[in-house]
Amino acid sequence: MITAIYPGTFDPVTNGHVDVIQRAADIFDRLVIGVVGNPQHKQPMFTLDERVAFLKDVLAGSRTSRSRSSPSSSSTSPASGRPR
């Protein structure tokens with residue numbers, strides 16, 4: 001099983017992000033999308049929870065349908081992957 005990781009702030013999530021996610025989901029067995037909680041290079045417009053919710057809404061019903069959020073305040077949050 002090949003796993004790919006796609007980290008980013010996704011602030012906000014764009015059509016370009018969604019395109020990369022969909023293409024990666026076709027290539028890899030599993031895709032983990034990491035949302036940076038507290039980026040050091042910029043001040044996010046949206047909270048971490050809002051950005052995770054945006055991604056979940058945009059990806060609902062797609063090949064990247066599984067998701068889970070980490071309750072910790074670490075630098076990455078949801079995992080989303082395509083079931084094998």
Side-chain angles (χ1 to χ4, degrees):
M1 176 186 285
I2 299 174
T3 299
I5 300 172
Y6 182 27
T9 58
F10 304 101
D11 185 45
V13 64
T14 66
N15 289 333
H17 292 129
V18 174
D19 183 54
V20 169
I21 291 166
Q22 290 172 339
R23 289 171 186 258
D26 287 338
I27 296 169
F28 300 100
D29 298 315
R30 182 169 172 242
L31 176 61
V32 177
I33 302 167
V35 180
V36 176
N38 189 14
Q40 296 180 8
H41 67 287
K42 68 178 185 178
Q43 180 64 39
M45 292 189 315
F46 300 99
T47 67
L48 175 61
D49 290 338
E50 288 172 323
R51 292 179 279 141
V52 169
F54 292 154
L55 275 167
K56 285 182 178 182
D57 288 346
V58 168
L59 300 175
S62 71
R63 293 180 300 284
T64 55
S65 59
R66 274 189 354 191
S67 66
R68 76 180 154 82
S69 295
S70 170
S72 71
S73 60
S74 66
S75 63
T76 60
S77 194
S80 190
R82 179 183 66 170
R84 193 145 172 56

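In this text the structure is predicted, and so the values were computed from the model without any measurement.
A donor-acceptor pair is defined here as one N or O able to donate and one able to accept, closer than 3.5 Å; such a pair exists between the side chain of R51 and the backbone of V36. Although no hydrogens or angles enter the test, the distance criterion places no donor-acceptor pair under 3.5 Å between the side chain of D29 and the main chain of T3.
If you run side chain to side chain contact (heavy atoms under 4.5 Å, CB included) between H17 and each of V13, D19, V20, only V13 comes through.
Here the two rings, on F54 and F10, have centers that are 6.0 Å apart or farther.
More than 12 heavy-atom neighbours from other residues, nucleotides or ligands sit within 6.0 angstrom of CG on D57.
Applying the side-chain contact (heavy atoms from CB on, under 4.5 Å) test to T47 and every residue at least two apart in sequence or in another chain returns D49, E50.
A heavy-atom distance below 4.5 Å is found between the side chains of K56 and V52. Between V58 and I21 there is no side-chain heavy-atom pair separated by less than 4.5 Å.
Here T9 contributes atom OG1 and H41 contributes atom NE2; the two are 5.0 Å apart, rounded to the nearest 0.5 Å.
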